[in-house]
Amino acid sequence: MSQLIIRGGRPLHGEITAQGAKNAALPILAATLLTGEEVRLGQIPHLEDVHTMKLLLEYLGAKVTENEDEVVVIAGENLIHEASYDLVSQMRASFLVAGPLLARFGKAIVPLPGGCAIGSRPVDLHLKGFQALGAKVEMSHGAVAVQADKLRGADIYLDTPSVTATENIMMAACLAEGTTVIENAAEEPEIVDLANFLNTMGARISGAGTHVIRIDGVRELHGGQYEVIPDRIEVGTYMVAAAITGGDVRINNIVVEHVKPVIAKLREAGVMVEPDVDSVTVWTNRRPKAITVKTLPHPGFPTDMQAPIMALLTIARGTSTVVETVFDNRFKHVRELNRMGANIVIDDRRALVYGVKSLVGTRVEATDLRAGAALVVAGLKAEGETIIDEVHHIDRGYVDIEKKLLSLGADIERKGNDPLYVKTQHKVN
Ligand code: UD1
């Protein structure tokens, strides 16, 4: 198991390029199961989670090949429809294969998913959607079996605008007979990316990016070529890393619209942010001002940025308030940040962050992906050495995090190698 070792206090300077979006790549890879033809995908990030999804596609019988720039998937006719427990239990997003398998083969058996430990994460909305499309849903031995002779379009209202439920239902509805309307759909950029991808394969989806999505079913989808959007959470994480160190960093290959909530909050905290056409520059030479952050579904402030921005606020002048409304147990980073000298008090879904002048390095544990990212951000500022354990969580979402930070002048090294890390270390940006 590897560790990240950071000797903090160096302002970050320079330029980096954002990776493709993990949360767009995962559903798009799952969606390749909707056709037997070849699909070529660009900007797929070399990450643990993506690797897990590729293994799952192979397990189901698809042929997956990759080179520096592209992942090529051919999900021919002889697929199996039962997903592997070992893979699904590693990553919650594996459940995204249920919709495509159901749509194309009329059946899917998928174990209940694992993934980051950030509160209760049911799949009831996915299943309600499948049922509304005419599928029979059964649970047995910890797995969900969905089956339908024919899917028929339906009006579906989501109680909560769940991102992956919207994606799963959208994929299933592509090949249903007639029209499906998803109301209170998630509006995240990754939903739009999936819809754009499906449309290039011949689907007929409109309204993605709004709370009402319409899917007119088609008989089949064909192959194609597509490039996923940049990763707005990775971008946001480097933005706060630049800010906490009092640095000056430009991040290329971004969609400015997607990082507007982060830009707004950083500016409120007194950090200088200058977006350009497809890049953003972040700089400051002062401690941030205390602010209030409340996570919400898009276009609100993303829950995936809650932990990283809290790391920045630990050294703010004054007391910040961070409210988590999306997940019910997403403050695991607080204990570790407090061990680094932060002063954060949790009150249910609200954290009061009493700003301190400085953080101190110590040995901490990445409990989940974004909590781990927060510890990296804090470590870049902390005096002395921060040792982060359980780095595999961070590798689920950030390609070559220490190489990018090294290129910006951070003092960071990795000790030990995890298997995937060895495999993908050729990829720098
Ligand atoms: C996706 C992202 C994750 C992000 C989250 C919220 C991927 C692969 N992951 O996760 O990084 O943190 O969106 O932006 O895209 N819920 C239900 N029933 C369901 C499904 C969800 O009650 O069937 C609830 C969840 O418990 C949670 C809320 O809906 O409170 C939002 O979760 P959801 O949008 O589904 O998150 P994910 O799609 O799992």
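Counting convention: from 1, in listed order, for ligands and their atoms alike. This chain uses plain numbering: 1 for the first residue, then up along the sequence.
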Run the numbers on Met305 and Arg232 for side-chain contact (heavy atoms from CB on, under 4.5 Å), then give the verdict. CA-CA 9 Å; Met305 277 302 299; Arg232 63 196 168 100; over 6 Å; no

Worked check of side-chain contact (heavy atoms from CB on, under 4.5 Å) between Asp231 and Tyr398: CA-CA 9 Å; Asp231 196 310; Tyr398 296 87; over 6 Å; no

Check if Arg92 has a non-hydrogen atom at a distance under 4.0 Å from any atom of ligand 1. yes

side-chain contact (heavy atoms from CB on, under 4.5 Å) test vs Val235 passes for just one of Val282, Ile16, Val255, Ile254, namely Ile254

With heavy atoms under 4.0 Å as the rule, classify the contact between Arg330 and ligand 1 as side chain, backbone, both or neither. side chain

Qualifying residue for side-chain contact (heavy atoms from CB on, under 4.5 Å) with His126, from Asn168, Ile169, Thr166, Val146: Asn168

Can I get a per-line list of side-chain donor-acceptor pairs under 3.5 Å for residues 258-265, giving both atom names and the distance, sequence neighbours left out?
residue: Lys260; atom: NZ; partner: Glu257; partner atom: OE1; Å: 3.2
residue: Lys265; atom: NZ; partner: Glu268; partner atom: OE1; Å: 3.0
residue: Lys265; atom: NZ; partner: Thr292; partner atom: O; Å: 2.8

Side chain or backbone of Val326 under 4.0 Å from ligand 1, or both, or neither, by non-hydrogen atoms? both

Regarding ligand 1, does Ala165 bring an N or O atom to under 3.5 Å of one of the ligand's N or O atoms? no

Check Thr164 against ligand 1 and report side chain, backbone, both or neither, counting heavy atoms closer than 4.0 Å. both

Please work out, at 4.0 Å between heavy atoms, whether the side chain, the backbone, both, or neither of Asp124 comes within that distance of ligand 1. both

Polar contact flag, side-chain donor to acceptor under 3.5 angstrom, Arg414-Ser2: yes

Note: ligand 1 atoms sitting under 4.0 Å from heavy atoms of Val163 are 1 (C), 13 (O), 15 (O), 33 (P), 34 (O), 35 (O), 38 (O)

May I ask you to check if ligand 1 and Thr160 share an N or O to N or O distance below 3.5 Å? no

Could you check which of Ala30, Ala93, Ser162, Pro161 puts a non-hydrogen atom nearest to atom 33 (P) of ligand 1? Ser162

Ligand 1 atoms nearer than 4.0 angstrom to some heavy atom of His126 are 23 (O)

Would you say Arg104's side chain and Thr35's backbone share a donor-acceptor pair under 3.5 angstrom? yes

Could you tell me which residues satisfy salt bridge (charged side-chain N to carboxylate O under 4.0 Å, His left out) with Lys22, sequence neighbours excluded, listed by chain and number? Asp49

Below the 3.5 angstrom mark, is there an N/O of Thr303, backbone or side chain, next to an N/O of ligand 1? no

Can Pro122 be said to touch ligand 1, with heavy atoms closer than 4.0 Å? yes

